[in-house]
Amino acid sequence: MEIKTFEDLIIWQRSFRLAVDVYKEFISCKSFSVRDQLIKSALSVPSNISEGFERESNKEYIRFLDIAKGSIGELRTQLLFAQEVEIIKSENCQPMIQEAKEVSKMIGGLIKSRKSIQKKKS
């Protein structure tokens with residue numbers, strides 16, 4: 001499949017779905033600061049992937065992928081915290097943590113691929 005838009009990227013689709021899942025899980029959370037931080041970090045991942053994709057240079061794309069990778073790590077930490085303080089049950093949290101780990105690996109792979117392209121251009 002040819003990738004014409006960021007919506008065509010599997011990595012964007014999965015991170016977007018994770019952000020939606022986090023939102024739905026935590027929107028009614030009474031701990032507003034935890035809720036807001038979780039939602040922001042989750043939404044930051046597909047947002048940065050799409051922003052990088054839309055940039056004009058490979059170097060900028062890599063920079064935004066690096067930001068997305070940082071945000072997915074932040075999200076995992078916040079999910080672990082929410083689980084530990086019993087804001088969310090483990091059986092609801094663990095699938096999101098696992099998906100965050102997989103998305104993180106995918107971002108890492110895409111960064112490596114884009115850096116390889118960058119080196120070839122140099």
Side-chain angles (χ1 to χ4, degrees):
M1 179 175 127
E2 186 179 350
I3 296 172
K4 294 181 180 178
T5 68
F6 63 82
E7 293 98 330
D8 295 332
L9 295 167
I10 300 298
I11 192 171
W12 180 86
Q13 294 168 13
R14 287 181 66 174
S15 63
F16 182 81
R17 177 56 34 210
L18 179 59
V20 169
D21 292 346
V22 167
Y23 180 88
K24 287 180 178 180
E25 183 66 40
F26 288 96
I27 192 60
S28 62
C29 175
K30 302 287 188 244
S31 179
F32 300 123
S33 61
V34 172
R35 176 195 69 197
D36 292 347
Q37 194 61 37
L38 275 156
I39 292 169
K40 284 177 186 176
S41 62
L43 189 54
S44 176
V45 180
S47 296
N48 279 292
I49 292 168
S50 60
E51 186 168 357
F53 185 91
E54 293 290 331
R55 294 294 175 135
E56 294 297 319
S57 76
N58 190 52
K59 186 176 179 181
E60 284 187 286
Y61 191 13
I62 293 167
R63 184 171 70 87
F64 280 95
L65 290 171
D66 281 334
I67 295 167
K69 188 147 175 39
S71 293
I72 199 77
E74 181 181 7
L75 175 61
R76 281 176 50 206
T77 297
Q78 293 162 1
L79 287 168
L80 289 164
F81 175 81
Q83 179 181 282
E84 186 70 23
V85 298
E86 299 177 349
I87 291 173
I88 184 174
K89 292 180 181 176
S90 179
E91 60 265 18
N92 295 343
C93 192
Q94 282 305 308
M96 288 187 281
I97 290 171
Q98 186 58 42
E99 182 64 0
K101 287 179 180 179
E102 291 180 29
V103 167
S104 180
K105 287 178 189 174
M106 291 174 74
I107 295 170
L110 184 53
I111 290 169
K112 187 176 179 179
S113 171
R114 300 308 302 186
K115 283 183 176 179
S116 172
I117 291 168
Q118 188 75 21
K119 285 181 184 177
K120 288 177 184 175
K121 289 182 178 181
S122 304

* Asked: What's the verdict on side chain to side chain contact (heavy atoms under 4.5 Å, CB included) for Ile72 and Leu18, showing C-alpha distance, side-chain angles and the deciding distance?
  -> CA-CA 10 Å; Ile72 199 77; Leu18 179 59; 3.8 Å; yes
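- Using a 4.5 Å cut-off between side-chain heavy atoms of Ile, Leu, Val, Met, Phe, Trp and Tyr, with links allowed through other members, Ile11 and Val20 fall into the same hydrophobic cluster.
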* To do: Mind running side chain to side chain contact (heavy atoms under 4.5 Å, CB included) on Glu25 and Leu38 for me, showing each step along the way?
  => CA-CA 10 Å; Glu25 183 66 40; Leu38 275 156; over 6 Å; no
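- Cluster annotation: Ile10 is not connected to Phe64 through the hydrophobic network of ILVMFWY side chains, with a link wherever side-chain heavy atoms come within less than 4.5 Å.
- Heavy atoms of other residues, nucleotides or ligands lying less than 6.0 angstrom from CD of Glu54 number more than 12.
- Put simply, OG on Ser47 and NZ on Lys40 are 12.5 Å apart, with the number rounded to the nearest 0.5 Å.
- Ile87 and Leu75 fall within a single hydrophobic cluster, where Ile, Leu, Val, Met, Phe, Trp and Tyr side chains are chained together by heavy-atom contacts under 4.5 Å.
- The shortest heavy-atom contact between Glu7 and Gln13 is O-NE2, 2.9 Å.
- Considering Met96, Glu84, Glu99 in turn, Met96 is the only one that fulfils the side-chain contact (heavy atoms from CB on, under 4.5 Å) rule with Leu79.
- Closest heavy-atom contact between Ala19 and Ala42: CB-O, 3.6 Å.
- No side-chain heavy atom of Val85 sits less than 4.5 Å from a side-chain heavy atom of Val34.
- Between Leu65 and Asn48, the closest side-chain pair of non-hydrogen atoms is not below 4.5 Å.
- Note that CD of Glu102 is 5.0 Å distant from CZ of Arg14, once rounded to the nearest 0.5 Å.
- Once rounded to the nearest 0.5 Å, the distance linking CZ of Arg17 with CH2 of Trp12 reads 9.5 Å.
- Within the structure, every pair that satisfies the salt bridge (Lys or Arg N to Asp or Glu O under 4.0 Å) test and touches residues 56-74, not counting sequence neighbours, is listed here: Arg55-Glu60.
- Within 6.0 Å of the CD atom in Glu91, the count of heavy atoms belonging to other residues, nucleotides or ligands exceeds 12.
- Under the 4.5 Å side-chain criterion, counting only non-hydrogen atoms from C-beta, Gln78 is not in contact with Phe26.
- Of all non-hydrogen atoms in Leu9 and Tyr61, the two that sit nearest each other are CD1-OH, 3.7 Å.
- Shortest non-hydrogen contact noted between Phe6 and Phe53 is N-CE2, 3.4 Å.
- Under the 4.5 Å side-chain heavy-atom criterion for Ile, Leu, Val, Met, Phe, Trp and Tyr, Leu43 and Phe81 are members of distinct hydrophobic clusters.
- Within the model, atoms OG of Ser41 and CZ of Arg76 stand 12.0 Å from one another, a figure rounded to the nearest 0.5 Å.
- At a threshold of 4.5 Å between non-hydrogen side-chain atoms, the residues Ile97 and Gln83 count as touching.
- Within a 6.0 Å sphere centred on CZ of Phe16, heavy atoms belonging to other residues, nucleotides or ligands number 12 at most.
- Hydrophobic clustering (side-chain heavy atoms under 4.5 Å, transitive across Ile, Leu, Val, Met, Phe, Trp, Tyr) keeps Ile111 apart from Ile67.
- Within the 4.5 Å cutoff, no side-chain heavy atoms of Ile49 are placed close to those of Leu110.
- Looking only at distances, a side-chain donor or acceptor of Asp8 sits under 3.5 Å from a matching main-chain atom of Lys4.
- Inter-residue side-chain proximity for Arg35 and Ile39 is flagged as met; some heavy-atom pair is nearer than 4.5 Å.
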